[in-house]
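So the structure is just underneath, and the comments pick up after that.
So that the names make sense, note that chain A is the first sequence line, chain B the second, and so on, each numbered from 1. Only heavy atoms go into these numbers, but all of them, side chains included; no hydrogens, no water, no symmetry mates.
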2 protein chains.
Amino acid sequence: MPDDQTGKTVTDRTLQATDSTPVVQRPYADALSRLKQVGLRPTRQRMALAKLLFDGGDQHITAENLHGMARKAAVKVSLATVYNTLHQFTDSGLLREVVVGPGRSYFDTNTHDHHHFYVEPAGELVDIPVDSVELSRLPTPPDGTVMDRVDVIIRVTRP
Amino acid sequence: MPDDQTGKTVTDRTLQATDSTPVVQRPYADALSRLKQVGLRPTRQRMALAKLLFDGGDQHITAENLHGMARKAAVKVSLATVYNTLHQFTDSGLLREVVVGPGRSYFDTNTHDHHHFYVEPAGELVDIPVDSVELSRLPTPPDGTVMDRVDVIIRVTRP
DNA sequence: TCAACAGTTTAAAACAATTCTAAACTGGAA
DNA sequence: TTCCAGTTTAGAATTGTTTTAAACTGTTGA
Ligand SMILES: [Mn+2]
Ligand SMILES: [Mn+2]
Ligand SMILES: [Zn+2]
Ligand SMILES: [Zn+2]
């Protein structure tokens with residue numbers, strides 16, 4: 001049986017994640033299972049990016065930002081691949097894209113229904129728990145269209 | 001007394017707007033008064049752009065779009081000035097900027113409190129009257145920040 | 001086991017939207 | 001009129017993203 005990069009098998013790490021640091025564990029298994037889930041080949045680059053994205057808590061990240069994280073983690077991946085991957089992940093529901101400004105788009109690892117504060121001029125996104133916004137009464141979409149999703153962005157500043 | 005382009009004075013047209021085509025009238029006076037209101041010099045370019053923007057009903061327009069309208073109307077103005085002007089108008093409250101996608105930003109002549117449908121992939125913005133969305137319960141902004149405005153964008157598609 | 005091929009990655013160029021620069025111009029005060 | 005701060009402009013630069021076409025690699029099935 002051929003080794004992967006670490007020499008550890010997937011199932012090993014999956015089954016032993018019982019105690020300590022509960023938030024992040026089984027990074028390899030998690031990344032792999034996510035890719036399998038959506039039918040994307042687990043290539044070296046996608047695995048590495050998936051780990052960077054999904055290990056640890058939710059994050060709001062830009063393409064450049066993720067590319068920088070990859071460099072720091074000594075993962076060799078081109079910016080084009082970072083963009084490809086982010087879009088593939090978004091299209092398959094692993095990520096959500098949040099647009100806050102012209103030429104400023106974040107990818108959100110939290111795909112649950114929730115909204116955002118956008119802190120200017122810092123350019124920082126902060127989650128709003130879904131139950132702290134109540135959106136009663138929504139309008140009927142224009143004829144011939146169907147509602148895809150509702151984005152609420154609350155722009156805030158530091159005075 | 002020197003004529004303006006049309007040979008009509010401002011006050012003339014202001015006072016006679018009583019009947020017919022009620023939506024658009026006194027274009028010159030309107031543009032001028034808006035500029036005065038916010039303390040921007042009524043230059044040839046700003047006046048022309050103000051007319052294009054504020055004559056007629058509310059519109060959602062891009063910079064390129066407005067530049068194109070200016071060309072058609074035989075107004076000589078550079079794209080840089082169009083951008084400058086749109087931002088000055090936005091900063092002084094004459095316009096509102098609506099960001100719908102990375103690298104896609106619209107300027108809205110309707111500055112009242114209202115929301116938007118964004119029709120994809122056409123890239124078309126449609127107003128939602130404010131009273132057809134009810135946003136009960138808003139969250140408290142993060143510490144040290146103050147709420148600037150709430151944007152609701154409902155993304156819809158034609159299936 | 002390995003050839004074959006579809007899927008993937010990549011450097012580099014291209015692109016689109018926007019901003020910057022530095023020089024020319026102009027509205028309006030004095 | 002003169003003068004100057006404010007304005008406009010062509011063109012270059014920047015930013016974020018997409019495209020291209022060639023090289024590479026995971027997976028499959030002989
Ligand atoms: Mn996208
Ligand atoms: Mn702007
Ligand atoms: Zn989020
Ligand atoms: Zn609008």
Side-chain angles (χ1 to χ4, degrees), chain A residues 1-5 10 28 31-32 35-36 38-50 52 60-71 75-92 94-95 97-107 121 123 125, chain B residues 1-5 10 28 31-32 35-36 38-50 52 60-68 70-71 75-92 95 97-107 121 123 125:
Chain A
M1 180 243 283
D3 281 3
D4 62 42
Q5 311 160 41
V10 172
Y28 186 75
L32 186 66
L35 292 183
K36 279 193 172 158
V38 300
L40 288 172
R41 274 203 209 167
T43 64
R44 182 158 34 262
Q45 293 85 340
R46 285 209 272 241
M47 287 293 287
L49 293 178
L52 289 172
H60 305 106
I61 203 172
T62 65
E64 289 282 357
N65 199 332
L66 179 58
H67 189 228
M69 287 174 61
R71 294 210 119 261
V75 174
K76 209 187 151 250
V77 60
S78 73
L79 183 56
T81 295
V82 171
Y83 274 105
N84 288 343
T85 303
L86 286 173
H87 285 140
Q88 289 156 351
F89 284 9
T90 300
D91 292 345
S92 47
L94 257 33
L95 291 176
E97 194 172 357
V98 182
V99 176
V100 290
R104 190 161 232 163
S105 148
Y106 286 86
F107 293 87
L125 266 193
Chain B
M1 180 245 281
D3 281 2
D4 63 42
Q5 309 161 46
V10 171
Y28 185 76
L32 186 66
L35 293 184
K36 280 192 171 161
V38 300
L40 287 172
R41 273 204 210 168
T43 64
R44 181 159 33 261
Q45 291 87 341
R46 284 209 273 241
M47 285 293 287
L49 294 177
L52 290 172
H60 304 107
I61 203 174
T62 65
E64 288 284 356
N65 199 332
L66 179 58
H67 190 227
R71 292 209 121 263
V75 174
K76 210 187 149 249
V77 60
S78 73
L79 183 57
T81 296
V82 171
Y83 274 106
N84 288 343
T85 302
L86 286 172
H87 284 139
Q88 288 157 352
F89 284 10
T90 301
D91 292 346
S92 46
L95 292 176
E97 194 172 358
V98 183
V99 176
V100 289
R104 190 161 234 163
S105 147
Y106 286 88
F107 293 87
L125 265 195

Query - Student check: side-chain heavy atoms of Thr85(B) and Phe107(B) closer than 4.5 Å - result: no

Query raised in the report: Looking at the side chain of Lys76(B), which of dT10(C), dA10(D), dT7(D) is the nearest nucleotide?
Result: dA10(D)

Should [X] be listed as having a side-chain N or O under 4.0 Å from OP1 or OP2 of [N]?
X        : N       : answer
His87(B) : dT18(C) : no
Ser78(A) : dT10(C) : yes
Tyr83(B) : dT19(C) : no

Whole angstrom value for the distance that separates [atom2] of [N] from [atom1] of [X]:
X        : N       : atom1 : atom2 : value
Phe89(B) : dT7(D)  : CZ    : P     : 11 Å
Glu97(B) : dT18(C) : CD    : C1'   : 11 Å
Glu64(B) : dT19(C) : CD    : P     : 12 Å
Leu49(A) : dT8(C)  : CG    : P     : 14 Å
Met47(A) : dG26(D) : CE    : P     : 12 Å
Leu40(A) : dG7(C)  : CG    : C1'   : 11 Å
His67(A) : dG16(D) : NE2   : P     : 14 Å
Leu79(B) : dT8(D)  : CG    : P     : 14 Å

Requested in this report: For Thr62(B), answer base if it contacts any base atom (sugar-phosphate contacts may also be present), sugar-phosphate if it contacts only those atoms, and nothing otherwise; contact means non-hydrogen atoms under 4.0 Å.
Outcome: nothing

Return the [atom1] to [atom2] distance between [X] and [Y], rounded to the nearest 0.5 Å.
X        : Y        : atom1 : atom2 : answer
Thr81(B) : Leu66(B) : OG1   : CG    : 11.0 Å
Tyr83(B) : Glu64(B) : OH    : CD    : 5.5 Å
Leu49(A) : Gln88(A) : CG    : CD    : 10.0 Å

Give every pair of a protein N or O atom and an N or O atom of nucleotides 21-30 of chain C that lie under 3.5 Å apart, one pair per line with the distance.
unit_1: dG27(C); atom_1: O4'; unit_2: Arg41(B); atom_2: NH1; d: 3.3

Query raised in the report: Can you list the residues that meet the ring-ring contact (aromatic ring centres under 6.0 Å, His included) rule with His60(A), with sequence neighbours excluded?
Result: His116(A)

**Report entry** Side-chain donor/acceptor of Arg46(A) to backbone N/O of Arg41(A), under 3.5 Å
**Finding:** yes

Query raised in the report: Going through the distances and angles, do Tyr106(B) and Ile61(B) end up as a side chain to side chain contact (heavy atoms under 4.5 Å, CB included)?
Result: CA-CA 5 Å; Tyr106(B) 286 88; Ile61(B) 203 174; 5.9 Å; no

